[in-house]
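Report on the structure given below.
For reference, positions follow the sequence shown, starting with 1. Values reported hereafter were calculated over all heavy atoms of this structure, with side chains retained and with hydrogens, waters and symmetry mates removed. From a predicted model like this one, the values you see are computed outputs, not experimental measurements.
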Amino acid sequence: MCWLWYPSSVRFPQCFPQGSECSSILAITEGPQLSIWDFRMHNNGGCVQRVSGPTGGILYSVCTSPSGLIAVGGTDRAVTIYDPRRWSALSRWVGCSKYEITGLSFSSVDQSFIYVQGVDYEITCGRWRESERAFSFRGDSNWLGFSKCANTDVVAGWCESGSIFVADVRQDLSVIGV
């Protein structure tokens, strides 16, 4: 049996550097921590790693890159990128969102970019290692959620107003339509 502390986001990693089968690994944000679960393990209910997030903060979103990196974000308005080979933070992009982060997705065009959704009406894309904003786009009201296509950078978001916005991002990471 496994116990979770206030889970808020669940993601099957696209791949994992340790060579594990992706379908058996699960990344979960729960309260102030990121936990990694392997369904093949029997110790600790399958929990193989827990990483503490921001002190006093809550993590709301997790995403993974094809190379195995794991990104988390939450109430501290920062994105932290973890290397699962060492379970250490590679980078931390502080202040990338005006409000709490509720959605994340690595770019399919260039994994050094990440899309960040806050609870307001803006989605930002930027270089996580350099903490640089490349561009952002806005909906007409607060985002309720967003998603990115698996193999291309087409991003869609749903707003409180009921509107759906779709942005098609080119290879050079410029938006061609919202």
Is the backbone N or O of [Y] less than 3.5 Å from a side-chain atom of [X], with the two atoms forming a donor-acceptor pair by type?
{"X": "T75", "Y": "I58", "result": "yes"}
{"X": "W143", "Y": "Y121", "result": "yes"}
{"X": "S91", "Y": "I81", "result": "no"}
{"X": "S141", "Y": "E160", "result": "yes"}
{"X": "T124", "Y": "V116", "result": "no"}
{"X": "T29", "Y": "S9", "result": "yes"}

Looking at side-chain heavy atoms only, is the closest gap between [X] and [Y] below 4.5 Å?
{"X": "L104", "Y": "Y60", "answer": "no"}
{"X": "I114", "Y": "W93", "answer": "yes"}
{"X": "W128", "Y": "C96", "answer": "no"}
{"X": "V109", "Y": "V169", "answer": "no"}

Legend entry - By side-chain contact (heavy atoms from CB on, under 4.5 Å) - contacts of V48 (at least two apart): I36, D38, M41
Inset, instruction - Could you tell me which residues satisfy side-chain contact (heavy atoms from CB on, under 4.5 Å) with A156, sequence neighbours excluded, listed by chain and number? - result: V166
Inset, instruction - Could I get the full list of salt bridge (Lys or Arg N to Asp or Glu O under 4.0 Å) partners for E122, not counting sequence neighbours? - result: R133, R138
Legend entry - Spacing of CZ belonging to F12 relative to CD1 belonging to I28, to within rounding of 0.5 Å: 9.0 Å
Legend entry - Pair listing, salt bridge (Lys or Arg N to Asp or Glu O under 4.0 Å) test, anchored in residues 139-152, at least two apart: K148-D153
Inset, instruction - Hey, could you give me each pair passing salt bridge (Lys or Arg N to Asp or Glu O under 4.0 Å) that has a residue in residues 54-77? Not counting sequence neighbours. - result: D76-R92
Legend entry - Verdict with reasoning, W37 to S35, per side-chain hydrogen bond (donor to acceptor under 3.5 Å, both in side chains): CA-CA 7 Å; W37 301 79; S35 61; 2.8 Å; yes
Legend entry - Members sharing V94's hydrophobic cluster (side chains within less than 4.5 Å): none
Set of residues satisfying side chain to side chain donor-acceptor pair (under 3.5 Å) with respect to [X], sequence neighbours excluded:
{"X": "T102", "answer": "Q117"}
{"X": "Q111", "answer": "S65, S67"}
{"X": "S97", "answer": "none"}

